[in-house]
Amino acid sequence: DTAFLYAEGTDGFQAYRASPLPAGLAWTDLSRDVVTKLGEPSDKFGGGRLPVGIAYETLGLDVHFRNSSWDDNANPMTFLSVYRPVDPALGLCVLC
(Lines give C-alpha, C1' and ligand atoms only; values in the text may rest on other atoms or scores of the structure.)
Protein backbone atom coordinates (compact mmCIF):
# COMPACT_ATOMS: atom_id res chain seq x y z
CA ASP A 1 0.00 0.00 0.00
CA THR A 2 1.16 3.52 -0.81
CA ALA A 3 -0.05 6.92 0.37
CA PHE A 4 0.43 9.94 -1.90
CA LEU A 5 0.94 13.35 -0.31
CA TYR A 6 0.60 16.28 -2.70
CA ALA A 7 2.01 19.80 -2.72
CA GLU A 8 -0.36 22.71 -3.34
CA GLY A 9 -1.68 22.78 -6.91
CA THR A 10 -0.17 19.47 -8.04
CA ASP A 11 -2.74 17.90 -10.34
CA GLY A 12 -5.38 20.17 -8.79
CA PHE A 13 -4.82 18.93 -5.22
CA GLN A 14 -4.50 21.03 -2.09
CA ALA A 15 -1.32 20.60 -0.08
CA TYR A 16 -1.22 17.79 2.45
CA ARG A 17 -1.13 19.42 5.90
CA ALA A 18 -2.73 16.84 8.23
CA SER A 19 0.61 16.15 9.95
CA PRO A 20 4.29 16.94 9.41
CA LEU A 21 5.80 15.51 6.23
CA PRO A 22 7.95 12.40 6.62
CA ALA A 23 11.71 12.58 7.30
CA GLY A 24 11.63 16.25 8.31
CA LEU A 25 10.75 17.44 4.80
CA ALA A 26 8.75 20.60 4.05
CA TRP A 27 6.85 21.57 0.90
CA THR A 28 9.26 24.47 0.49
CA ASP A 29 12.23 22.07 0.16
CA LEU A 30 13.93 21.93 -3.22
CA SER A 31 15.74 18.93 -4.65
CA ARG A 32 19.06 20.05 -3.16
CA ASP A 33 17.42 20.41 0.28
CA VAL A 34 16.03 16.88 0.13
CA VAL A 35 19.45 15.38 -0.65
CA THR A 36 21.07 17.53 2.05
CA LYS A 37 18.54 16.32 4.63
CA LEU A 38 18.31 12.66 3.60
CA GLY A 39 21.59 11.92 1.82
CA GLU A 40 22.05 10.17 -1.50
CA PRO A 41 18.94 8.28 -2.63
CA SER A 42 18.80 4.53 -3.17
CA ASP A 43 17.22 5.00 -6.61
CA LYS A 44 16.52 7.71 -9.17
CA PHE A 45 13.83 7.78 -11.86
CA GLY A 46 12.49 10.03 -14.59
CA GLY A 47 14.35 12.60 -16.62
CA GLY A 48 14.16 13.46 -20.30
CA ARG A 49 10.46 14.03 -20.92
CA LEU A 50 9.39 12.87 -17.46
CA PRO A 51 9.73 14.73 -14.16
CA VAL A 52 12.55 13.37 -11.99
CA GLY A 53 12.17 11.62 -8.67
CA ILE A 54 14.32 9.97 -6.06
CA ALA A 55 13.69 7.03 -3.77
CA TYR A 56 14.72 6.34 -0.21
CA GLU A 57 13.55 2.75 -0.05
CA THR A 58 14.79 2.06 3.49
CA LEU A 59 12.74 5.08 4.64
CA GLY A 60 9.69 4.06 2.57
CA LEU A 61 9.73 7.35 0.70
CA ASP A 62 9.81 8.50 -2.93
CA VAL A 63 10.16 12.23 -3.62
CA HIS A 64 8.77 13.50 -6.93
CA PHE A 65 9.81 16.83 -8.42
CA ARG A 66 8.25 19.23 -10.94
CA ASN A 67 10.95 19.45 -13.61
CA SER A 68 12.65 16.79 -15.73
CA SER A 69 16.28 17.91 -15.57
CA TRP A 70 18.75 16.19 -13.24
CA ASP A 71 20.85 19.36 -13.38
CA ASP A 72 18.11 21.42 -11.71
CA ASN A 73 19.10 21.48 -8.03
CA ALA A 74 16.31 23.97 -7.28
CA ASN A 75 13.58 21.60 -8.47
CA PRO A 76 10.44 21.92 -6.28
CA MET A 77 8.71 18.88 -4.79
CA THR A 78 5.31 18.00 -6.21
CA PHE A 79 4.36 14.91 -4.24
CA LEU A 80 5.62 12.20 -1.94
CA SER A 81 4.92 8.47 -2.11
CA VAL A 82 4.98 6.88 1.34
CA TYR A 83 5.14 3.10 1.68
CA ARG A 84 6.42 0.34 3.93
CA PRO A 85 10.21 0.72 4.27
CA VAL A 86 12.38 -1.90 2.61
CA ASP A 87 14.53 -3.97 4.96
CA PRO A 88 18.16 -2.86 4.43
CA ALA A 89 19.21 -6.51 4.34
CA LEU A 90 16.76 -7.07 1.45
CA GLY A 91 16.05 -10.60 2.64
CA LEU A 92 19.70 -11.60 2.95
CA CYS A 93 20.75 -13.87 5.75
CA VAL A 94 21.79 -11.76 8.74
CA LEU A 95 24.67 -14.16 9.35
CA CYS A 96 26.04 -13.89 5.79
Which one of L38, L5, L59 satisfies the side-chain contact (heavy atoms from CB on, under 4.5 Å) criterion with P22? L5
Using the rule that two of Ile, Leu, Val, Met, Phe, Trp, Tyr join whenever any of their side-chain heavy atoms come within less than 4.5 Å, decide whether I54 and Y83 are in one cluster. no
Main chain of T58, side chain of S42: is a donor-acceptor contact present, judged purely on distance under 3.5 Å? no
Rounded to the nearest 0.5 Å, what separates atom CD in E57 from atom CG in D87? 12.0 Å
Do W27 and Y56 share a hydrophobic cluster, counting only Ile, Leu, Val, Met, Phe, Trp and Tyr and linking them when any side-chain heavy atoms are less than 4.5 Å apart? yes
Euclidean distance, Y6 OH relative to Y16 OH, rounded to 0.5 Å: 13.5 Å
Applying a strict under-4.5 Å side-chain criterion to I, L, V, M, F, W and Y, I'd like to know whether L25 and F4 cluster together. no
May I ask you to decide if T78's main-chain N or O and T10's side chain share a donor-acceptor pair within less than 3.5 Å? yes
When you group the ILVMFWY residues by side-chain heavy-atom contacts below 4.5 Å and let the links chain together, are V63 and V86 in the same group? no
Keeping N75 on the side-chain end and N67 on the backbone end, is there a donor-acceptor pair under 3.5 Å? yes
For the pair D62 and F45, evaluate side-chain contact (heavy atoms from CB on, under 4.5 Å) and give the outcome as yes or no after the intermediate values. CA-CA 10 Å; D62 289 354; F45 47 90; 4.2 Å; yes
With a 4.5 Å limit on heavy-atom distance, are the side chains of L30 and P76 in contact? yes
At their closest point, which heavy atom of L50 faces which heavy atom of S68, and how far apart are they? O-CB, 3.0 Å
State yes or no: do L21 and F79 share one hydrophobic cluster built from I, L, V, M, F, W and Y residues joined by side-chain heavy-atom distances below 4.5 Å, directly or via other members? no
Shortest non-hydrogen contact between G24 and K37, atoms and distance: O-NZ, 3.0 Å
Would you call S81 and H64 a side-chain contact if the rule is heavy atoms closer than 4.5 Å? yes
Restricting to non-hydrogen atoms, name the atom on P41 and the atom on A55 that form the minimum distance, rounded to 0.1 Å. CB-O, 3.2 Å
Nearest 0.5 Å, please: how far is OG1 in T28 from CG in D33? 7.5 Å
